[in-house]
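Below is one structure; the comments refer to it alone.
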Number of protein chains: 2
Amino acid sequence: MTKRSYHHGDLRAALLDVAIEAIAEQGVAHLSLRDCARRIGVSHAAPYRHFATKEALLLALAEQGFRWLVDEARAAMAACEQPAERLDAYGVAYVRFAVDHPEHHRIMFTSELSPEVDVDGPSAADEAFALLVEQAAAVSESEDPEAAAFAYWSLVHGMSMLIIDGRVPAERLASRGAVEELARTAFRIWRSGAV
Amino acid sequence: MTKRSYHHGDLRAALLDVAIEAIAEQGVAHLSLRDCARRIGVSHAAPYRHFATKEALLLALAEQGFRWLVDEARAAMAACEQPAERLDAYGVAYVRFAVDHPEHHRIMFTSELSPEVDVDGPSAADEAFALLVEQAAAVSESEDPEAAAFAYWSLVHGMSMLIIDGRVPAERLASRGAVEELARTAFRIWRSGAV
DNA sequence: CCTCCAGTGTTGTCACTGTCAACATAAGGG
DNA sequence: CCCTTATGTTGACAGTGACAACACTGGAGG
């Protein structure tokens, strides 16, 4: 709070926070590193000590998002014992994460980023998918487990996107529990073969 | 080809074309109206006679995309008689459209656009969803048809996104027919209750 | 056929941005 | 205690979106 003269303390984290704030206000297209610096009260070139490029900042946000997602998914699954329950807990957590962190979710799946392959092990994104495949494999006995995981991922990913893009009528999203209800309804409809 | 002195002829259409080209090359984040003008061989302010703003250009691309999607979906469904077949034809067309026009697809679902409600009737996007609801309603007898449509849309939308974001291994997308196969496999897996 | 005007393209300009290079300051290990 | 190194600052440059003022031109109405 008090003015930390010259050195900020944790500018990198502050940039990540303030960037999400700015994106929520003005959209990712209008994100400006200079504006972020201004909000923090630091010079316009300071961000470059922490991110080589604006894209690098966005990549860091995506990585952060995937790590949070994995954490939340693990926490949600911890309460379940049956494989099927665990899988759906993941699904619900996935959609809830998107609703709670729409900016992160959108950045996480902005493919134009990350053309260069990271050398430092599998990314958090890979971990999130691997975790999903694992759960799906535990449910579908004989099927191609990767295909099943892909189908499952598609459904929850599509739901997330459509919700945060405002394609779902507001009255279906009234309460917080509504998101979970919506997700479980979609699961039920598909599994019942009604569509 | 020959230099059309002063007046271009159809600069608006040329801008839409060249914008998609530029986006495919450099990503939507690096789209520049001045660069588009340069590619066409027109002055840097000419685009503003046709689009009030860069966002307006992107909105026009989205509208164009939804119109194409509706056309292709209608064409695909025309060959089918059974409601269930028609619905799946829509779904396959949806995914195929995304694969064939990834830039359009991404722009179409970049929610940060279109905050102002259009007055001139329902947008092409609304039409696309209405068409889907119609097909879904014809299939699911007693269920909430909108919920069923939403579930269906979620699956095909998620598949599209994951594919164009490069989350599907390349070997599953070898041939053109592979996309259709992938989509139908996902439908089957869900309907069989295997996941 | 002429005129004139609305639509379209141009030139010039402004504030702002991403990025880099050169410099300043702090913080902590030898 | 000093000096290396990480971090922050200042200054600069080219490129951008957007606007205003101006130029060209094709076609409608006389």
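Remember, predicted model here, so these are calculated numbers, not experimental data.
Listed by first and then second residue, the salt bridge (charged side-chain N to carboxylate O under 4.0 Å, His left out) pairs involving residues 186-195 of chain A are A:Asp88-A:Arg191, A:Glu181-A:Arg188 (not counting sequence neighbours).
For A:Gln26, there are no side chain to side chain donor-acceptor pair (under 3.5 Å) partners, not counting sequence neighbours. Legend: residues meeting side chain to side chain donor-acceptor pair (under 3.5 Å) with A:Trp153, ordered by chain and number and at least two apart, are A:Tyr94. Residues that satisfy the side chain to side chain donor-acceptor pair (under 3.5 Å) test with B:Arg12, not counting sequence neighbours, are absent from this structure. In terms of the side chain to side chain donor-acceptor pair (under 3.5 Å) criterion, B:Glu72 has no residue partners (sequence neighbours excluded).
Between the NE2 atom of B:His50 and the C1' atom of C:dA6 there is a distance of 14 Å, rounded to whole Å. Atom P of nucleotide D:dA14 and atom CZ of B:Arg38 are separated by 14 Å, given to the nearest angstrom. If you take CG of A:Leu58 and C1' of C:dT17, they are 15 Å apart, rounded to a whole angstrom. Rounded to an integer number of Å, the gap from A:Arg49 CZ to C:dG18 P is 17 Å. What separates NZ of A:Lys54 from P of C:dT17 is a distance of 10 Å, to the nearest Å. Taking atom CG of B:Asp10 as the reference point, atom C1' of C:dG7 lies 14 Å away to the nearest angstrom. For the pair A:Tyr48 OH and C:dA22 P, the computed distance is 18 Å after rounding to whole Å. Rounded to whole Å, atom C1' of D:dG8 lies 15 Å from atom CZ of A:Phe51.
When A:Phe129, A:Phe109, A:Phe97 are each tested for a ring-ring contact (aromatic ring centres under 6.0 Å, His included) with A:Phe66, only one passes: A:Phe109.
OP1 or OP2 of C:dG9 has not a single side-chain nitrogen or oxygen of B:His44 nearer than 4.0 Å. Of the side-chain N and O atoms in B:Thr53, none sit less than 4.0 angstrom from OP1 or OP2 of D:dG17.
Using a 4.0 Å heavy-atom distance criterion, B:Arg12 is classed as making no nucleic acid contact.
Checked against D:dG8, C:dG9, C:dG12, the side chain of B:Leu11 finds its nearest nucleotide in C:dG9.
Taken to the nearest 0.5 Å, the NE2 atom of B:His50 stands 4.0 Å off from the CG atom of B:Leu11.
In the region residues 20-36 of chain A, proximity to DNA chain C at under 4.0 angstrom, judged on heavy atoms, holds for A:Leu31, A:Ser32, A:Leu33, A:Arg34.
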